[in-house]
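Values below: every heavy atom of this structure, side chains too, minus hydrogens, waters and symmetry copies. Order of appearance sets the numbers: ligands from 1, and atoms from 1 within every ligand.
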Amino acid sequence: MAKIQMKTPLVEMDGDEMTRILWKMIKDELLLPFIDLKTEYYDLGLEYRNETDDQVTIDSAEAVKKYGVAVKCATITPNAARMPEYNLKKMYKSPNGTIRAMLDGTVFRAPIIVKGIEPYVKNWKKPITIARHAYGDVYKATEMKIPAAGKCELVYTPADGGETVRETIHDFDGPGIIQGMHNVEESISNFAKSCFNYALDTKQDLWFATKDTISKKYDHTFKDIFAEIYEKEYEEKFKEAGIEYFYTLIDDAVARVIRSEGGYIWACKNYDGDVMSDMVATAFGSLSMMTSVLVSPHGYYEYEAAHGTVQRHYYKHLKGEETSTNSIATIFAWSGALRKRGELDGIDELIHFADQLEQACITTVESGRMTKDLALITTIENPTVLNTEGYIKAVRETLEQRLK
Ligand code: NAP
Ligand code: MG
């Protein structure tokens, strides 16, 4: 069989620990035999980040701006324990944070649905994709403990020397607490555009919800910016694609989400997204089955698994013990990136291959062959538990049959 040819390289960001092991296995078993794989390789493994003072992370994000599509392996975000373990020069920031800041993107998380791994919410039939605004609000807030009686105000001092504006927040009679938070129009607009673009891309409805009835200026501004951009730039395109933009109050949204059968994107403000993504991920069954893609308003895409480097399994692997690590979300990061590359470069075989690879992962599990994490929660009777490599080999067999 002739290998599928690529035009533009993918930006490949290698990573750490168990997912780094998966990375190589996936390439060797599931990609290189079928594709003349073109990538521009960046090693975001912690050792090389340390060697380059984290310059490699910045270079990799620049490469995404150049080529448009990236696939990323999970990486360690250093904490105190990692300092001696990797002999670090400093406590580097999270690569995902650095890349997100440079690409100004929104992260979309969607579960991979497989028969036999049933959501806790029985009417959920299709994925629910959560888009979380990743800037501002309570995550960039200033807080104070108020020790005793006194007045707290919001004060705006215009940079151009205009008149200062004051609003009383509260006249305290005794001790209390106070918080000031912000957002900026540009970030909200970019969030909205990323959401509208991703909805068009994936042909799914877009839901957005805030508490605009209570927060008449703050949350209402989110609602207004979304509405304005939608009317100006997306309404026509949504009609053509046969999809809908739907705004409602956050309380109403959570009720509707539970009653729904899924199959849409739920855009959330920063805090709502933080909380709801954990709720939705857990309700769908498993963290190891969650995909993640960073979409920038300028049309750059970076695909990855939502889980981390699976450190506990890696330490077992280092001791020579057998592991049963689920590679599905990492495989889907590759298939997502390859499909997007295929779409942008007009390579139908690459799109077809990405579809087949994903179906091979799914049908392998549905035939009862899976890693331990899934075996523990499946409704399939007597599943065959495979080790890390065994599952990837099983997917290879299924894939070869499908491609025949
Ligand atoms: P984790 O790697 O997501 O793993 C947490 C636990 O979830 C694992 O110990 C395992 O449970 C289970 N699990 C996760 N993925 C699995 C898979 N593919 N197959 C089977 N089981 C899986 O989270 P962590 O241990 O808290 O974090 C480890 C490192 O990852 C940290 O250094 C963190 O900074 C980093 N991290 C990176 C990213 C990213 O790059 N996007 C995201 C999150 C965390 P059992 O041990 O019970 O089997
Ligand atoms: Mg959270």
Side-chain angles (χ1 to χ4, degrees), residues 12-23 25-26 42-47 49-50 54 56-57 60-61 70-86 88 91-101 103 105 107-112 114 117 132 134 274 277-278 281-282 284-294 302-319 321-334 336-337 361 364-365 370-378 383 385-392 395:
E12 175 184 354
M13 303 167 172
D14 207 344
D16 288 300
E17 300 195 311
M18 201 60 205
T19 41
R20 190 179 179 99
I21 310 279
L22 296 178
W23 200 254
M25 286 181 186
I26 292 168
Y42 292 87
D43 185 359
L44 300 198
L46 187 50
E47 250 167 69
R49 273 183 277 150
N50 191 40
D54 211 21
V56 65
T57 307
S60 73
V71 55
K72 181 180 169 291
C73 181
T75 46
I76 292 169
T77 298
N79 56 15
R82 301 293 194 172
M83 298 296 287
E85 186 185 356
Y86 283 85
L88 298 181
M91 189 115 77
Y92 301 99
K93 278 194 248 166
S94 143
N96 285 24
T98 303
I99 295 166
R100 198 183 303 149
L103 302 182
V107 174
F108 295 81
R109 285 185 161 203
I112 299 157
V114 177
I117 311 294
R132 172 182 169 188
D274 184 353
S277 64
D278 284 337
T282 308
F284 266 108
S286 172
L287 177 65
S288 54
M289 296 292 275
M290 191 60 77
T291 63
S292 174
V293 54
L294 176 74
E302 185 228 286
Y303 294 83
E304 67 172 335
H307 61 75
T309 61
V310 211
Q311 180 181 19
R312 216 179 57 82
H313 295 208
Y314 181 60
Y315 288 169
K316 278 174 76 178
H317 171 82
L318 287 182
K319 280 193 266 171
E321 291 171 30
E322 188 172 74
T323 57
S324 181
T325 311
N326 187 337
S327 49
I328 295 180
T330 307
I331 297 172
F332 271 63
W334 276 100
C361 290
T364 301
V365 174
M370 60 193 82
T371 44
K372 192 174 154 195
D373 56 311
L374 297 184
L376 288 171
I377 57 170
T378 186
V385 181
L386 299 173
N387 63 24
T388 305
E389 204 173 6
Y391 175 74
I392 292 175
V395 173

Tightest non-hydrogen contact, residues I117 and F284, listed as CG2-O, 4.5 Å
Out of N326, T325, T378, which one pairs with D373 under the side chain to side chain donor-acceptor pair (under 3.5 Å) rule? N326
What residue and atom, counting heavy atoms only, is the protein's closest point to atom 3 (O) of ligand 1, and at what distance? G308 N, 2.8 Å
Crowded around Q311 CD? As in, over 12 foreign heavy atoms under 6.0 Å? yes
Any N or O of Q311 that comes nearer than 3.5 Å to an N or O of ligand 1? no
A74 heavy atoms within 4.0 Å reach ligand 1 at atoms 40 (O)
With a 4.5 Å limit on heavy-atom distance, are the side chains of E304 and S292 in contact? yes
So, for A305 and A333, which heavy atoms are closest and what is the spacing to 0.1 Å? N-CB, 4.1 Å
Using a 3.5 Å cut-off on N or O atoms only, is N326 in polar contact with ligand 1? yes
Which of the atoms of ligand 1 are close to K72, meaning less than 4.0 Å from one of its heavy atoms? 40 (O)
Which ligand 1 atoms does E304 reach within 4.0 Å, using its non-hydrogen atoms? 41 (N)
So, does D16 use its side chain to make a donor-acceptor pair with the main chain of L46 at under 3.5 Å? yes
What heavy-atom pair brings T19 and G308 nearest, and what distance separates the two atoms? CG2-O, 3.5 Å
Atom 26 (O) of ligand 1: protein heavy atom closer than 4.0 Å? no
When every non-hydrogen atom of N50 is compared with those of Y86, the smallest separation belongs to ND2-O, 3.9 Å
N or O contact, H307 vs ligand 1, cut-off under 3.5 Å: yes
May I ask you to identify, for N96, whether its side chain, its backbone, both or neither come under 4.0 Å of ligand 1 on a heavy-atom basis? side chain
Top protein contact for atom 12 (C) of ligand 1, by heavy-atom distance: V310 CG1, 4.7 Å
Could you identify the single nearest non-hydrogen protein atom to atom 40 (O) of ligand 1 and state the distance to 0.1 Å? T75 N, 3.0 Å
Where is the nearest protein heavy atom to atom 33 (C) of ligand 1: which residue, which atom, and how far? T77 N, 4.1 Å
heavy-atom search around atom 10 (C) of ligand 1 in the protein gives H313 NE2, 3.9 Å
What do you reckon, does R312 have a nitrogen or oxygen under 3.5 Å from a nitrogen or oxygen of ligand 1? yes
At less than 4.0 angstrom from any non-hydrogen atom of T325, what atoms of ligand 1 do you find? 17 (C), 18 (N), 19 (N)
Geometric N/O contact R82 with ligand 1, under 3.5 angstrom: yes
Restricting to non-hydrogen atoms, name the atom on E17 and the atom on Y314 that form the minimum distance, rounded to 0.1 Å. C-CD1, 3.5 Å
Specify whether the nearest protein heavy atom to atom 6 (C) of ligand 1 is under 4.0 angstrom away. no
Answer yes or no for K372: is there a heavy-atom contact with ligand 1 below 4.0 Å? no
Residue, atom and distance of the protein heavy atom nearest atom 29 (C) of ligand 1 read T309 OG1, 3.0 Å
Are there protein heavy-atom neighbours of atom 48 (O) of ligand 1 below 4.0 Å? yes
Atom 16 (C) of ligand 1: which protein heavy atom is closest, and how many Å away? S288 CB, 3.7 Å
For atom 37 (C) of ligand 1, decide whether some protein heavy-atom distance is shorter than 4.0 Å. yes
For a quick test of reading the model, state the closest non-hydrogen atom pair linking A80 to M91 and the distance between them. N-SD, 3.8 Å
